[in-house]
Q: 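Provided herewith is a single structure, encoded as structure tokens, for subsequent inquiry.
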Amino acid sequence: AQSVAQPEDQVNVAEGNPLTVKCTYSVSGNPYLFWYVQYPNRGLQFLLKYITGDNLVKGSYGFEAEFNKSQTSFHLKKPSALVSDSALYFCAVRPLTGGGNKLTFGTGTQLKVEL
Amino acid sequence: DAGVIQSPRHEVTEMGQEVTLRCKPISGHNSLFWYRQTMMRGLELLIYFNNNVPIDDSGMPEDRFSAKMPNASFSTLKIQPSEPRDSAVYFCASSFATGGFGETQYFGPGTRLLVL
């Protein structure tokens with residue numbers, strides 16, 4: 001069975017500083033990996049995904065994520081954080097084969113960007 | 001496109017009452033997912049459909065919950081009878097499944113359910 005771990009419940013960063021939100025996964029075989037963001041009282045919004053190819057994936061709002069197969073990680077990054085990036089971030093995984101098109105989500109990481 | 005549409009956005013009901021949540025997926029999408037989000041349990045997949053057929057309902061908590069998808073543009077999640085522990089935000093999501101499993105799920109705004 002697949003699983004996702006987001007080891008930090010909350011990440012605090014100053015505006016203008018780089019940010020990293022961590023995600024590790026467990027899946028049989030190769031994964032599809034996703035990042036979603038949730039603003040207060042809103043649904044989840046797709047940010048980016050890794051399917052295959054280049055390990056560095058670029059997504060919406062200046063976010064990017066790096067797939068590291070040896071470390072089974074898919075950390076979300078942004079070079080310069082904005083206060084408006086403050087939100088709840090979810091990592092999700094699905095195996096390349098088998099498991100249907102069911103996503104398994106992590107528990108979420110609350111990002112707080114302060115002035 | 002209007003995105004995934006859910007109704008109602010908020011629902012307050014009393015224990016024992018029937019609750020029906022509605023979802024209209026993005027036009028052209030052929031997979032639909034129902035999720036529940038709570039502080040305690042996070043985001044849980046309840047059930048999903050491919051081409052209007054339920055594929056996996058292993059996440060449905062118990063027989064009080066049922067879901068239907070009578071056509072490609074409409075789905076319902078029903079709770080009967082409702083209990084206070086059902087209070088949560090219920091999300092519907094849809095995707096265009098190509099069989100490659102790399103497709104993106106798009107989420108609706110959610111229905112915030114409070115059972116008193």
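Note that the structure is predicted; figures quoted are calculated from it, not measured. Lettering of chains follows the sequences in order, A, B, ..., and the numbering in each one begins at 1.
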Q: Looking at A/Gln10, I'd like to know if its CD atom is crowded, meaning that more than 12 non-hydrogen atoms belonging to other residues, nucleotides or ligands lie closer than 6.0 Å.
A: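 Yes.
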Q: Would one find more than 12 heavy atoms of other residues, nucleotides or ligands at under 6.0 Å from atom CG of B/Asn71?
A: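 Atom CG in B/Asn71 is packed in, count exceeds 12.
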Q: Side chain, backbone, both or neither: which part of B/Leu45 has a non-hydrogen atom closer than 4.5 Å to chain A?
A: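 Side chain only.
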Q: Counting the benzene-type ring for Trp, do B/Phe107 and A/Phe46 have ring centres under 6.0 Å apart?
A: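 Ring centres of A/Phe46 and B/Phe107 not closer than 6.0 Å.
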Q: Indicate, with yes or no, if B/Tyr35 and B/Phe65 share a hydrophobic cluster defined by side-chain heavy-atom contacts under 4.5 Å among Ile, Leu, Val, Met, Phe, Trp and Tyr.
A: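 No; B/Tyr35 is not reachable from B/Phe65 via cluster members.
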Q: Can you say whether A/Gln38 sits under 4.5 Å from chain B via the side chain, the backbone, both, or neither, judging by heavy atoms?
A: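 Just its side chain gets close to chain B.
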Q: Look at the side-chain heavy atoms of Ile, Leu, Val, Met, Phe, Trp and Tyr, link any pair under 4.5 Å apart, and say whether A/Leu88 and A/Leu82 land in one connected group.
A: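 No, separate clusters.
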Q: Using non-hydrogen atoms only, which part of A/Phe90 is less than 4.5 Å away from chain B: side chain, backbone, both, or neither?
A: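 Side chain of A/Phe90 only, per the 4.5 Å heavy-atom cut-off to chain B.
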Q: For B/Gln105, is it the side chain, the backbone, both or neither that has a heavy atom under 4.5 Å from a heavy atom of chain A?
A: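 Both the backbone and the side chain of B/Gln105 come within 4.5 Å of chain A.
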Q: Does A/Asn41 offer a backbone N or O that forms a donor-acceptor pair with the side chain of B/Arg112 under 3.5 Å?
A: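 A pair under 3.5 Å: no.
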Q: Side chain, backbone, both or neither: which part of B/Arg41 has an atom under 4.5 Å from a heavy atom of chain A?
A: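 For B/Arg41, no heavy atom lies under 4.5 Å from chain A.
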Q: Output the distance between atom CZ (B/Phe33) and atom CG (A/Leu103), rounded to the nearest 0.5 Å.
A: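 It comes to 7.0 Å.
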Q: Quick one: do B/Ile5 and B/Ile26 end up in the same hydrophobic cluster if we chain Ile, Leu, Val, Met, Phe, Trp and Tyr together by side-chain heavy atoms under 4.5 Å apart?
A: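 B/Ile5 does not cluster with B/Ile26.
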Q: Mind checking whether B/Ser31 and A/Lys102 have side chains closer than 4.5 Å, heavy atoms only?
A: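 The answer is no; the side chains never approach within 4.5 Å.
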Q: Mind checking whether B/Met60 and B/Val115 sit in one hydrophobic cluster, side chains of I, L, V, M, F, W, Y counted as touching below 4.5 Å?
A: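 The answer is yes; both residues are in one hydrophobic cluster.
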Q: The test is side-chain contact (heavy atoms from CB on, under 4.5 Å); show your working for B/Thr104 and A/Tyr36 and say whether it passes.
A: CA-CA 10 Å; B/Thr104 300; A/Tyr36 284 82; 3.8 Å; yes
Q: Nearest 0.5 Å, what's the CZ-CD distance between A/Phe34 and B/Glu103?
A: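 So the CZ of A/Phe34 and the CD of B/Glu103 are separated by 7.0 Å.
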Q: Given that the side chain runs from C-beta out, which part of B/Thr111 has a heavy atom under 4.5 Å from chain A: side chain, backbone, both or neither?
A: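 No part of B/Thr111 comes within 4.5 Å of chain A.
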Q: Can you get from A/Tyr32 to A/Leu56 by hopping between Ile, Leu, Val, Met, Phe, Trp and Tyr side chains that sit under 4.5 Å apart?
A: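 No; tracing contacts between hydrophobic side chains, which count when under 4.5 Å, never links both residues.
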